Amino acid sequence: MAHEIVVKTKILQSGTERAMCIGIDNGKINAVEKYLDGERELHFEDYLALPGGVDIHTHMREPGMTQKEDFYTGTKAAAFGGTTTILDMPNTIPSVKNELALRDKLDIIKNKANVDFGLFGQLSDIDNISGMTNLAIGFKLYMSETTGASGTIKTPLEHLLNSDALAGKVVTVHAEDPRMFADDTCDNLHRHNLIRNMKAEFMALRRILAVDAPVKLNLAHLTTAESIDQVKAKRASFEITPHHLLLHDASKIDAMGKVNPPLRKKAISERLFKTLKTGRAIIASDHAPHTLEEKSVDFKDAPSGLPGVETRLPLMLALANKGIIRYIHVQDMCCTLPAELFGLKKGKIETGYDADLAFYDANNMVKIEAENLHSKCGWTPFEGHHAIFPKGVMLRGQMIIRGGELAIEKSGKFLK
Ligand code: DOR
Ligand code: ZN
């Protein structure tokens, strides 16, 4: 039987690159074999195909903050970075704390996405959870205030997380304990780190990991190796961001590097690489764009957050190219594990999975320049860092990025 599409390319099998054919029917991978017949053939023989990236932590800013980003531009940036699925956080305006806000948000953005997407609900009032479970792909819990989120939880944690409506759901936690924050003037990256210090992260983790509840706890943006050990001991999942790996409190990027939790000392970020070498982590961008204008005020008044959805996977591939981590682990951490956490049939090049693919020339390392990126915010904290961007990107069997252009617009589908 000839498949609708056959892609001839190289893929990773048991960690090694192999020339293979990927047979695609109805937007799904239907066969992966050495030789296959197709009604249409796509030739990517010289490229390495990875599954489309899955970024489970982004802030696309719509509705309410579309001067920073909107669903169209944010998902376009994702596509150009080889990411075909994004999950969007609830700290938009209004924040997504109940069913009505979630439905309104979905109505506003549903026909604008260039990649597949899911939406988080925010945990605040226990009575509002069940109304969101049909549409929300997961829930977000802010243990402290942060840019755009008040962090007020109206119900005691134990009670909230034991809500019947949450059973089996992913709860992504922003773990910083505000009682540990130091009272100081936050006038540079070094001081920002001292104020929202590592102890605030440890204490919040200790608190949340002590809660006994039948949810899938996922700890967002962990910044230290000790935090990771704490979380692993409880068998919860966790995210690491590229910025906490590659940037630190002495990076010369001023408020562009202001983010919560803060960038740490270089020695701390270097120790995160130990986990990267095992491949058992989820790399998520925490893409949180603000305009350059908003970032250009006094450091202490600048909002926290930085863009990263387009650079997440390309930065990791550059590390693999340099031999610092393995390509197969990039695939695991950026595609497979994040999809698995949310039960998505994505993130693997195997029969039965969505035909989301990105094709890379693994030798084509470039330096990141903001002017070549696609987020509305127009800047990156990774200017000059090495990266490998995809040459083509497929979403459910359709080439959405081809010849350096967004070839098909707004074909992203809502994921529940
Ligand atoms: O730095 C941050 N910015 N941390 C957050 O938790 C929120 C984010 C934002 O939305 O800007
Ligand atoms: Zn975030």
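Order of listing sets the numbers, starting from 1, for every ligand and every atom in it. Numbering starts at 1 and runs along the sequence shown. Nothing here was measured: the structure is a model prediction, and the numbers come from that model. Computed over heavy atoms, backbone and side chain alike; hydrogens, waters and symmetry mates excluded.
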Restricting to N/O/S atoms, is His59 within less than 2.8 Å of the Zn ion (ligand 2) or not? yes

Counting only heavy atoms from other residues, nucleotides and ligands, does the tally under 6.0 Å from CG of Asp107 exceed 12? yes

Before we go on, tell me: are the rings of His221 and His57 under 6.0 Å apart, centre to centre? yes

Would you find more than 12 non-hydrogen atoms of other residues, nucleotides or ligands less than 6.0 Å from Arg191 atom CZ? yes

Within the supplied structure, the quantity of interest is the number of heavy atoms (other residues, nucleotides, ligands) at a distance under 6.0 Å from Lys252 NZ; does it exceed 12? no

When you look for protein heavy atoms under 4.0 Å from ligand 1, which residues do they belong to? His59, Arg61, Asn91, Thr146, Thr147, His174, Val259, Asn260, Ala288, His290, Ser304, Gly305

Per residue His57, nearest N, O or S atom to the Zn ion (ligand 2) is named NE2

Six-ring centre of Tyr353, Lys28 cation under 6.0 angstrom, axis tolerance 45°: no

State whether the number of non-hydrogen atoms from other residues, nucleotides or ligands found under 6.0 Å of Lys232 atom NZ is greater than 12. yes

Minimum-distance atom from the Zn ion (ligand 2) among N, O or S atoms of Asp286: OD1

Check this for me: Asp301, atom CG, are more than 12 non-hydrogen atoms of other residues, nucleotides or ligands nearer than 6.0 Å? yes

